[in-house]
Asker: 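So that we are looking at the same thing, I have put the structure below in structure tokens.
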There are 2 protein chains.
Amino acid sequence: MVTVTGRDGAGRRWSIGEVARASGMTVRALHHYDEIGLLRASERTASGHRRYTGRDVRRLYRVRALRTLGLSLEEIADVLDGSADDLEAMRGLLAAQLHGLEAHAVRLRQLTDRLRGLLERLDGASMPDPDQFMTTLEMISVFEASFTPEQREQLARRRAELGPEAVEAAGLEWKELVEELLRHVQDGTPADDPRVRELVGRWDALGNRFHSTGADGERTKAAARRMWEEHSEELGRSLPWPAERMRELVRYLERVRQAGRRGH
Amino acid sequence: MVTVTGRDGAGRRWSIGEVARASGMTVRALHHYDEIGLLRASERTASGHRRYTGRDVRRLYRVRALRTLGLSLEEIADVLDGSADDLEAMRGLLAAQLHGLEAHAVRLRQLTDRLRGLLERLDGASMPDPDQFMTTLEMISVFEASFTPEQREQLARRRAELGPEAVEAAGLEWKELVEELLRHVQDGTPADDPRVRELVGRWDALGNRFHSTGADGERTKAAARRMWEEHSEELGRSLPWPAERMRELVRYLERVRQAGRRGH
DNA sequence: GCTTGAACCTGACGCGACGGAAGGTCCTAG
DNA sequence: CTAGGACCTTCCGTCGCGTCAGGTTCAAGC
């Protein structure tokens, strides 16, 4: 008198509401799965009500399990309809999913780190001016758009190697260089004047300290130069000098470097 | 002869294509920002082409910067249109964002851990049967639906405290209990028989080992019992006994416990 | 058989941040 | 004058459902 749940003829049938309550899904979700063909009720009553068989319910449990792993409904349909529950396909899918999630986690970590850093600076009361803060944000945005993630990481490593006081000192030296060069721009000092040539040499050396050597370093330097050329406007706004004068300065720098190459 | 970039009259205008190239956004995105009112070009040519002013471009840079922090366009519009760039509002928004992302990161970690665990089991070759693997997945899904995340963590901690060999031993003891009790079910042993009462006592003690004490532990136990009652079908499928007999066993257990309470 | 309330049905819109295509207008250089 | 590139608006699609709206069916009580 053993009731083997046969291929599909025998056994209980469940209404959509019963299935929903038992599985913790909503009726609407089941409707949706039916619509997209992921899980259709094997039978309908004469009036069109869905009747789910035991097989259907088992399939739903698999769907739900795979959903909690973050798979898309399409991926779930593919693997469930794959030839005889192919374990290899499943393995590949889960591995790919893990890969994607790990990549996502890395980006998330970077984001939270940046947010924490920003909030610290905000809390440090060292930034009382809303406009200055927004401008800092803009600069960060320019910075991020100009370098690849690898280059940014390279720059961060180099800064860490140099240490905070060296970075601070470099900032001060750079400030002096800007002041002096701005005076030369205003005075119309020719681009092949040895004095400005020396100043630009110090400028470039200063920049080099923050780049590593080798082909990667060169590419990073080129990206930095492009950033200055294309975004001197925005970068200038966060500096204590007028943006227009900074643009002129960048153009002047380029002329001095060219004169140096020709003179050599 | 200082050209102060006036309120809005003077200065360059940029076409949408120029702005897109300079900012790294797509023309379509700028159209979208215009549509939703986040960033509209201050002017139009007679024929309807957008002309962006310097102010517009500056706003775009802020939008882009805030987007890289993961804020929604609506949130960005709110802070940018807030009264005079309110720093407090900004702080609150960024703090909330950080909070949300941290919560997201936690869920992501749990997910990747689970995926890694599953893949290890798959690689361990200890699971050659696709159907068995799918059934394991279903059980996980039932398990996760039955307990709150806190309860799951509580159970995991308790298992770790007991150590793997104690868990293994408990599994074996439980298996024996099931076999003996199934025989009593089949033999129709009355629910108040001292032998089954003793067996059920051991069963409950076995379960108690995995729950912590106090109100939390009680709630976890209740959730476990509900899981057994409502999902003996699915749980039974992954066990070496027929589901129907497991269902009978669960009902029998309940009768024995009631008889015990009455007899006392 | 009738009524009533719960359960069920289909169809459609909405969300978020755009991508992409269709079909037309405008601008500029040759 | 013409070609082609830049620009315009409008609309559909994405993903996984939630949430109506408006109608039909079911099960129970009278």
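Residue numbering restarts at 1 for every chain, and letters A, B, ... go by the order of the sequence lines. Model, not experiment: these values are computed from the prediction.
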Asker: Can you tell me which nucleotide in D/dT10, D/dC17, C/dC18 comes closest to the side chain of B/H32?
Answerer: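 Selected nucleotide (nearest to the side chain): C/dC18.
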Asker: Return no unless some side-chain N or O of A/T26 is found under 4.0 Å from OP1 or OP2 of D/dG18.
Answerer: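 Yes, A/T26 has a side-chain N/O under 4.0 Å of OP1/OP2 on D/dG18.
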Asker: Measure the distance from CD on B/E74 to P on C/dA17 and round it to the nearest whole Å.
Answerer: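 From B/E74 CD to C/dA17 P: 8 Å.
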Asker: Are the side chain of A/Q97 and the backbone N or O of A/L69 linked by a donor-acceptor pair below 3.5 Å?
Answerer: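 Checking the backbone N and O of A/L69 against the side chain of A/Q97, a donor-acceptor pair under 3.5 Å is found.
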Asker: On DNA chain D, nearest-nucleotide positions of A/A46 versus A/S72: which is more 5'?
Answerer: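 It is A/S72, whose closest nucleotide lies nearer the 5' terminus.
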Asker: Do any side-chain nitrogens or oxygens of A/R44 fall under 4.0 Å of OP1 or OP2 in C/dT10?
Answerer: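 A/R44 to C/dT10 OP1/OP2: side-chain N or O found under 4.0 Å.
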Asker: Do A/L30 and A/Y52 have side-chain heavy atoms sitting under 4.5 Å apart?
Answerer: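 Side-chain contact under 4.5 Å: yes.
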Asker: Could you give the CD-to-P distance, from A/E18 to C/dA6, as a whole number of Å?
Answerer: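 In whole Å, C/dA6 P lies 17 Å from A/E18 CD.
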Asker: In whole angstrom, what separates A/L66's CG from D/dG16's P?
Answerer: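 These atoms are roughly 13 Å apart.
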Asker: What does nucleotides 22-30 of chain C look like as a protein-contact string, B for base, S for sugar-phosphate only, - for none, at under 4.0 angstrom between heavy atoms?
Answerer: ----SS---
Asker: To the nearest Å, give me how far apart CD (B/E43) and P (D/dC7) are.
Answerer: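 B/E43 atom CD is separated from D/dC7 atom P by 16 Å.
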Asker: Of all the nucleotides listed (D/dC8, C/dA17, C/dC9), which has the minimum atom distance to the side chain of A/R50?
Answerer: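 Among D/dC8, C/dA17, C/dC9, the one nearest the side chain of A/R50 is C/dC9.
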Asker: Less than 4.0 angstrom between a side-chain N/O of A/R67 and OP1 or OP2 of D/dC15, yes or no?
Answerer: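 For D/dC15, neither OP1 nor OP2 has a side-chain N or O of A/R67 closer than 4.0 Å.
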Asker: Is A/S15 near enough to C/dC8 that one of its side-chain N or O atoms lies under 4.0 angstrom from OP1 or OP2?
Answerer: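 Answer yes for this pair, as a side-chain N or O of A/S15 is under 4.0 Å from OP1 or OP2.
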Asker: How close or far is atom C1' of C/dT10 from atom CD1 of A/I16, stated in whole angstroms?
Answerer: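 So the CD1-C1' distance, A/I16 to C/dT10, works out to 12 Å.
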Asker: Do A/L118 and B/L98 have side chains that approach each other closer than 4.5 Å (heavy atoms only, starting at C-beta)?
Answerer: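 When only atoms from C-beta onward are counted, B/L98 and A/L118 do not touch, as no gap falls below 4.5 Å.
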Asker: Rounding to a whole Å, what distance do you find between A/H31:NE2 and C/dT10:P?
Answerer: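 Atom NE2 in A/H31 sits about 6 Å away from atom P in C/dT10.
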Asker: To the nearest 0.5 Å, what is the distance between NE2 (A/H32) and CG (A/D34)?
Answerer: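 If I round to the nearest 0.5 Å, the distance is 11.0 Å.
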Asker: Which of these nucleotides, D/dC8, C/dC9, C/dG19, is closest to any side-chain atom of B/R28?
Answerer: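 Minimum distance to the B/R28 side chain belongs to C/dG19.
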Asker: Rounded to whole angstrom units, what separation is found between the CG atom of A/L39 and the C1' atom of D/dC17?
Answerer: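 Atom-to-atom, A/L39 to D/dC17, this comes out as 15 Å.
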Asker: How many angstroms lie between atom CG of B/L94 and atom CG of A/L122, to the nearest 0.5 angstrom?
Answerer: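 Reported to 0.5 Å precision, the distance equals 6.5 Å.
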Asker: On the nucleotide C/dA17, are OP1 or OP2 found under 4.0 Å from the side-chain N or O atoms that B/Y33 carries?
Answerer: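 So the side chain of B/Y33 is outside the cut-off, no N or O lying under 4.0 Å from OP1 or OP2 of C/dA17.
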Asker: Report the nucleotide, chosen from C/dG19, D/dC17, D/dT10, that has the shortest atom-to-atom distance to any side-chain atom of B/E35.
Answerer: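 From the listed options, D/dT10 comes nearest.
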Asker: Whole-Å distance between C/dC18 C1' and B/R64 CZ?
Answerer: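 After rounding, the reported distance stands at 17 Å.
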Asker: Between A/R12 and A/E18, is there a salt bridge with N-O shorter than 4.0 Å?
Answerer: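 A salt bridge links A/E18 with A/R12.
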Asker: Hey, could you give me the CZ/OG distance between B/R64 and B/S23, rounded to the nearest 0.5 Å?
Answerer: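 Going from the CZ atom of B/R64 to the OG atom of B/S23 covers 6.0 Å.
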Asker: Scan side-chain atoms only and decide if A/T68 and B/R114 contain a donor-acceptor pair under the 3.5 Å cut-off.
Answerer: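 Per modelled atom types, A/T68 and B/R114 side chains form a pair under 3.5 Å.
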